[in-house]
There are 2 protein chains.
Amino acid sequence: MTYRLPSLNTLRAFEAAARHLSFKTAADELGVTAGAVSQQVKKLENSLGVLLFRRLPNGLLLTSEGETYLPAITQVFEDLTHATEQIAPDINSRKFRVGLCPAVRGLLPANWPHHNENLRRHVRECIETSDIDLLFDNELDCLIRPGGGPYRDLTLVVVTCPQRAHDLHFVCRPGTAECAQSRAILADLAQHLACCGK
Amino acid sequence: MTYRLPSLNTLRAFEAAARHLSFKTAADELGVTAGAVSQQVKKLENSLGVLLFRRLPNGLLLTSEGETYLPAITQVFEDLTHATEQIAPDINSRKFRVGLCPAVRGLLPANWPHHNENLRRHVRECIETSDIDLLFDNELDCLIRPGGGPYRDLTLVVVTCPQRAHDLHFVCRPGTAECAQSRAILADLAQHLACCGK
DNA sequence: GCGGAGGGATAGAAATTCTCGGTCTAGATG
DNA sequence: CATCTAGACCGAGAATTTCTATCCCTCCGC
């Protein structure tokens, strides 16, 4: 299976420069220097053996090939964005599905997470379970359970409970331990687990 | 204009591994080590906060999200390949359109490039012109003309002519000076320009 | 038990990307 | 005319990413 795939980084530079007809403006949009955009576009043109821009002293013009390529690349970016959003909604807007083991579930308010306005913004639902596989299968976003288990690829945050003999484990997938949702849930847990007497 | 674009390198690793359900086989296909594929896939999963594979001791299984993502990414790669091929046919199969200045055209066989079997494989057509803009506009693939001119982004190969007072310039776009076509044309030129007496 | 297959982890080498400072050109301004 | 501004280009070096090599682990077959 052979694809002919230019470097995405070079395509990103091309697409932004082509929309703006300016390396400078593209650089501003991409958050890099104009020199970097210029280098990437030049690298793309070299790899293709086709010029995509006519350089003018104060800006750019697209060649015929550049004009043909731009809408195609824009479409590719949109398709890729859509596909990515579909399987992995933006972490910042993602509402967590939380798994709570029975022991922890019993320590939390019956209407958890609705008892707290802030928490409710971050949590879609919670179910009573200790099943780690639900994390591996992307069915849950985090799981709070007593220690132990083959976590393998998952990320573990130890929740120390002053009145409990054993720590609890907040388990989630890689890349999600530091987000606002995890922090809000951990803070709420800390509050409830510290208050509940043995 | 904000796109959500995972690194293409990570997507490339994902797509190959997902097709084969094996990092090892994907590595073979991509020409890198299995460790590199593993790293790239892991990087993608981290950035998404979603697991795309279930790792087994002797291979991989796709998660539900992985199974959804694969055909979408494959389609994106195909679209991108098609768009790229459309504006920039593979350099190895590209037939050159050659510009020859009048002085040079007069020194070559009347049926150039058809006088030579090998050359004919590399050259689609030739026109008599000295106009550099045709190179900038991707209308020609190379141009042979007397020295001088604002070549700016173009690549220049100097053709020394023993019996001529001035060198000639073989001019082409970046990335195309070293390919088989350019070399064949330059060799043929060298042959004819050396043989022609003052 | 041993060997092989394949995925994971780590450190360092290699490659790529980015930044910075300077150059050049065209156009505007005084 | 001289000067300034905007923006693209160039090259060197810093920063980051990618890749490699080596070792570890689990599972499976013999």
Side-chain angles (χ1 to χ4, degrees), chain A residues 5-47 51-63 66 132 136 149-156 173-175, chain B residues 5-47 51-63 66 132 136 149-156 173-175:
Chain A
L5 306 175
S7 152
L8 182 58
N9 208 44
T10 60
L11 289 176
R12 206 186 311 240
F14 160 73
E15 198 267 347
R19 263 189 292 110
H20 296 294
L21 290 179
S22 160
F23 286 159
K24 179 65 175 60
T25 312
D28 291 339
E29 175 182 309
L30 298 175
V32 296
T33 61
V37 175
S38 172
Q39 275 184 15
Q40 290 299 314
V41 168
K42 190 163 188 173
K43 190 178 169 194
L44 177 60
E45 287 174 320
N46 274 7
S47 71
L51 290 174
L52 300 167
F53 293 105
R54 295 290 308 262
R55 270 81 161 171
L56 306 180
N58 269 16
L60 309 168
L61 288 181
L62 280 166
T63 61
I132 302 179
F136 284 114
Y151 294 141
R152 291 193 306 265
D153 308 309
L154 302 176
T155 301
L156 169 67
R173 283 188 301 277
Chain B
L5 305 175
S7 151
L8 183 58
N9 207 44
T10 60
L11 289 176
R12 205 188 309 241
F14 160 72
E15 198 266 348
R19 265 190 289 113
H20 294 295
L21 291 181
S22 160
F23 287 159
K24 179 65 173 60
T25 312
D28 290 341
E29 173 182 311
L30 297 176
V32 295
T33 61
V37 174
S38 174
Q39 275 184 18
Q40 290 298 314
V41 168
K42 191 165 191 172
K43 192 179 168 199
L44 177 60
E45 287 174 319
N46 274 6
S47 72
L51 290 175
L52 299 168
F53 293 106
R54 295 292 308 262
R55 271 78 161 174
L56 305 182
N58 269 18
L60 309 167
L61 286 181
L62 281 166
T63 61
I132 302 181
F136 284 114
Y151 294 142
R152 293 194 301 265
D153 309 308
L154 302 176
T155 301
L156 168 65
R173 283 188 300 277

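No hydrogens, no waters, no symmetry mates; every other heavy atom, side chains included, goes into these values. A, B, ... follow the sequence lines: proteins, then strands. Residue 1 opens every chain.
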**Study point:** Distance, rounded to the nearest Å, where A/Leu61 contributes CG and D/dA8 contributes P
**Key:** 11 Å
**Study point:** A/Gln40 side-chain N/O to A/Ser7 backbone N/O, donor-acceptor pair under 3.5 Å
**Key:** no
Exercise for review: Would you indicate which nucleotide in C/dT17, D/dT20, D/dT18 comes nearest to any side-chain atom of B/Gln40?
Suggested key: D/dT18
Point to revise | First encountered from the 5' end of DNA chain D, between B/Val37 and A/Lys24 | key: A/Lys24
Exercise for review: Kindly indicate whether the side chain of B/Thr63, heavy atoms from C-beta on, has any atom under 4.5 Å from the side chain of A/Phe136.
Suggested key: no
Check your understanding: Counting only side-chain N and O atoms of B/Arg55, is one of them less than 4.0 Å from OP1 or OP2 of C/dG8?
Key -> yes
Review point. Considering only D/dA8, D/dC10, C/dG7, which nucleotide approaches the side chain of A/Lys42 most closely?
Key: D/dC10
Check your understanding: In whole angstrom, what separates A/Leu56's CG from D/dC9's P?
Key -> 10 Å
Exercise for review: Please name all residues satisfying side chain to side chain contact (heavy atoms under 4.5 Å, CB included) with A/Ser47, sequence neighbours left out, ordered by chain then number.
Suggested key: A/Leu44
Study note, to complete from the structure: Per-nucleotide protein contact along nucleotides 21-28 of chain D, 5' to 3', at a 4.0 Å heavy-atom cut-off (B base, S sugar-phosphate only, - neither), is -----BS-
**Study point:** Side-chain N or O of B/Asn9 closer than 4.0 Å to phosphate OP1/OP2 of C/dT16
**Key:** no
Review point. Which nucleotide, D/dC9, C/dG7, D/dC19, lies nearest any side-chain atom of A/Ser38?
Key: D/dC9
Check your understanding: B/Ser7 has a side chain; which of C/dT19, C/dT16, D/dT18 sits nearest to it?
Key -> D/dT18
Point to revise | Spacing of A/Leu60 atom CG relative to D/dA6 atom P, expressed in whole Å | key: 17 Å
